[in-house]
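Computation of the quantities below employed the complete heavy-atom set of this structure, encompassing side-chain atoms and omitting hydrogens, waters and symmetry-equivalent molecules.
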Amino acid sequence: MSSFDKVIGYEAIKTELRQICDVIQNRRVYEELGARLPHGLLLYGKPGLGKTLIAKCFIEESGLCAYTIRRDKGGDGFISDITETFQKAKETAPCIIFLDDMDKFANDDYVHCDAEEYVAVQSGIDEVKDSGVFVLATVNDKRRLPDSLVRSGRFDRKIEVLPPSNKDAEEIIAYYLSDKKIAESVNMDDLAKMITYHSCAELETILNEAAIYAAYNRRPSIEMNDLVKAVLRTQHNLPDSYTKTSKEYAKKTALHEAGHLVVSEVLCPGVVGLAALRPADGTPRGFIHNCEDLSRKPYYILVSLAGKAAVELYYSKYCADGCRDDIKCAFTIIRNGISEEAMLGFGSLRVETRDLSYSENFNARNEAVTHAELERYMLMTRDILLKNRVFLEKTAEALLEKGTLLHSDIKAIRDSVTIVEVDV
C-alpha cells in the first residue's frame with residue numbers, strides 16, 4: 001500500500017510526487033542518465049486543501065527521516081531554530097526538511113518579504129544544497145515570499161494544489177459521508193454539483209450541519225432536503241425554508257435567476273448545479289451556482305446580462321435586484337478586454353507607463369466603445385432568451401413553485417424543451 005493512498009484524488013500531483021520519491025530511492029538509476037534530484041519542492045494553494053497531509057505522505061513514501069520547521073515562536077528564537085535545524089539535517093543526511101506554512105514564517109504583508117526569517121531559510125537551503133538534504137515546503141500564498149527564495153535552484157518543483165473538482169470532489173464527499181446514514185434517495189451527482197468548497201474542513205462542516213438537521217427532525221437518515229438546507233445556510237447565508245408566494249416581486253426575481261440559468265445552460269449545458277429562491281430581509285433573493293467556473297469564459301458577459309434581459313422581456317421598466325452588480329461585472333470585462341487585451345484592435349489599447357498619458361479624447365472614445373459593446377452583448381443575450389423562451393418560462397415557474405432546483409431538476413426541464421443554440 002502506498003502512503004499516497006491516504007490522499008483522496010489529486011492523481012496528477014501524486015504521480016509527480018511518486019516520481020520524486022523514486023529519484024530519492026533509486027538515485028543511481030537517474031545519475032547514470034545525468035539526472036539529479038530536484039532542488040526542493042514547494043506545494044502551494046489555498047488553506048485547507050490538504051497540502052500538509054500530502055507533504056507528510058510524501059515524507060512517509062520517501063522513507064527518509066524528516067525535520068519539521070513550523071512557526072511556534074517569534075523573534076530571534078525562531079530564526080535560531082531555523083539555522084540549527086538545517087545544520088542538524090546536514091549532519092544526518094540523507095533526510096528531509098519540511099517547512100510547513102512557510103509564508104507564515106514572517107510578516108503577513110507583501111512589502112516585508114525580505115524578513116530575517118526568509119533570509120535564514122534561504123541561507124539554510126544554500127548551505128545544505130547537494131548534501132543529501134531535500135527541502136519540502138507548503139505555502140498558502142506564494143506571493144508573500146521573496147522571488148529569490150522560491151526561484152529554481154532552491155525550489156525546482158512548484159506544484160499548485162487546487163480545490164478538487166468533478167470525480168475527485170465526489171470521492172471526497174463520499175469519504176466524509178462514509179460514517180453517516182444517508183438516505184438511498186440522495187442523488188450523489190446532485191450533491192457534488194451543488195456544493196462549492198475551498199477546503200475539506202468546509203465540506204465536513206456542511207455535511208455535519210445536514211446530519212444535525214436530520215437528527216433534530218428525528219429522521220432515520222440524512223435526506224437530500226437536509227443537505228440542501230445545509231448548503232443554503234452555510235454557503236449562501238439563506239433561510240433553509242421556502243414559502244411559495246405569488247407576489248409580483250418574487251416572480252421578477254425568479255425570472256432574473258432563470259435568465260442567468262438559461263443562458264448558462266444554452267451556452268454550456270449541465271453547468272448549473274443549484275438554483276434557489278428564498279426570502280431574505282423581507283424580500284425574495286435568488287442565486288444560481290455553477291459547478292464550473294465560467295468567469296474566464298468569453299460568454300460570461302452574456303451570462304452576467306441575462307438576469308436584466310430576462311426581466312425586461314416581461315417588465316420593460318423594471319430592473320431586478322442584482323442587476324447593478326451584473327452590469328458592472330459585464331462592463332468591467334468588456335472595458336478590460338478593450339483597453340488591456342486589445343479585444344477590438346490596438347487603437348484602444350492602454351499601456352500603463354510613467355511616461356505615457358492619454359488624452360481626454362482617447363478616454364472618451366474608449367468609454368463610448370465600451371458602452372457600444374455592452375449594448376451589442378445585451379442584444380445577443382436577449383436573442384438567446386427569446387429563442388429559448390419556453391425554457392426560460394418553465395425554469396422561472398419551477399423556481400417559483402419549488403424554491404430550489406437541483407442539477408437533475410434543471411436537466412429534466414432542459415430535456416423537456418427544444419434548445420435553440422446560438423453562435424456567440
Side-chain angles (χ1 to χ4, degrees), residues 246-277 284-292 294-295 297-335 337 343-344 369-407 409-424:
S246 59
K247 291 182 180 179
E248 201 70 8
Y249 193 84
K251 291 181 180 179
K252 294 168 183 176
T253 305
L255 269 173
H256 178 102
E257 301 306 330
H260 289 307
L261 187 154
V262 167
V263 172
S264 297
E265 287 287 321
V266 169
L267 297 175
C268 190
V271 74
V272 181
L274 177 67
L277 185 66
R285 177 183 160 196
F287 78 95
I288 68 167
H289 160 63
N290 291 328
C291 46
E292 178 184 336
L294 298 181
S295 61
K297 303 286 187 181
Y299 45 72
Y300 190 62
I301 299 169
L302 303 173
V303 175
S304 299
L305 296 173
K308 175 178 172 61
V311 173
E312 290 180 351
L313 291 180
Y314 301 86
Y315 303 91
S316 60
K317 294 183 179 180
Y318 181 81
C319 186
D321 282 352
C323 282
R324 179 179 298 176
D325 291 337
D326 292 339
I327 294 169
K328 184 177 179 180
C329 175
F331 182 87
T332 301
I333 294 172
I334 294 171
R335 183 182 59 191
M343 189 171 71
L344 297 180
V369 171
T370 300
H371 283 95
E373 279 295 284
L374 192 62
E375 292 286 359
R376 186 175 73 85
Y377 275 103
M378 189 63 172
L379 291 174
M380 292 169 63
T381 305
R382 287 175 182 151
D383 184 49
I384 294 172
L385 293 174
L386 284 169
K387 289 178 178 176
N388 293 276
R389 196 161 190 160
V390 177
F391 187 14
L392 173 66
E393 292 175 352
K394 281 195 171 186
T395 300
E397 290 170 5
L399 191 55
L400 201 58
E401 173 69 20
K402 297 182 177 182
T404 305
L405 298 179
L406 304 180
H407 182 263
D409 299 322
I410 296 165
K411 183 179 184 302
I413 297 172
R414 192 180 69 237
D415 292 345
S416 70
V417 301
T418 301
I419 302 296
V420 180
E421 296 182 1
V422 179
D423 292 330
V424 297

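A donor-acceptor distance shorter than 3.5 angstrom exists from the side chain of H260 to the backbone of V303, with no hydrogens or angles considered. Remark: side-chain polar atoms of D383 are not paired, donor with acceptor, to backbone N or O of M380 under 3.5 angstrom. Checking side-chain atoms of E265 against main-chain N and O of V272 turns up a donor-acceptor pair under 3.5 Å. For H407 (side chain) and G270 (main-chain N/O), a donor-acceptor pair under 3.5 Å exists by modelled atom type.
Once rounded to the nearest 0.5 Å, the distance linking CD1 of I327 with CD1 of I301 reads 13.5 Å. Taking CD1 of I334 as the reference point, atom OG1 of T370 lies at 7.5 Å (rounded to 0.5 Å). Between H256 atom NE2 and T253 atom OG1 the span is 8.0 Å, to the nearest 0.5 Å. A distance of 15.0 Å separates CD1 of I384 from CZ of R389, quoted to the nearest 0.5 Å. For the atom pair CG (D409) and CG (L274), the distance works out to 9.5 Å, reported to the nearest 0.5 Å.
Considering only heavy atoms from C-beta on, K387 stays 4.5 Å or farther from E421 through its side chain. The side-chain heavy atoms of L277 and F287, taken from C-beta on, include no pair separated by under 4.5 Å. With a 4.5 Å cut-off on side-chain heavy atoms, L405 and K402 count as touching. Within the 4.5 Å cutoff, the side chain of D326 has no heavy atoms near those of the K308 side chain. The side-chain heavy atoms of F391 and S416, taken from C-beta on, include no pair separated by under 4.5 Å. Between L392 and L255, the closest side-chain pair of non-hydrogen atoms falls below 4.5 Å. Residues L374 and Y377 fail the side-chain proximity criterion, which asks for heavy atoms closer than 4.5 Å. With contacts defined as side-chain heavy-atom distances shorter than 4.5 Å, the pair K328/S304 does not qualify.
Looking at R376 and E373, a side-chain N of the basic residue comes within less than 4.0 Å of a carboxylate O on the acidic one, giving a salt bridge.
The minimum heavy-atom distance between S264 and I288, with the atom names listed, is OG-CD1, 4.1 Å. Contact between L400 and A254 at its shortest, heavy atoms only, is CD1-CB, 4.2 Å.
Taking the ring centre of F331 as origin, the terminal cationic atom of R324 falls outside the region bounded by 6.0 Å and 45° from the ring axis. For the pair K252 and Y315, the distance from NZ or CZ to the six-membered ring centre is under 6.0 Å and the angle to the ring normal is within 45 degrees.
Between V263 and the choices L385, L305, V422, N388, the side chain to side chain contact (heavy atoms under 4.5 Å, CB included) rule is met once, by L385.
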Quiz item: Where do L267 and L302 land on the side chain to side chain contact (heavy atoms under 4.5 Å, CB included) test, with the steps shown first?
Solution: CA-CA 9 Å; L267 297 175; L302 303 173; 4.0 Å; yes

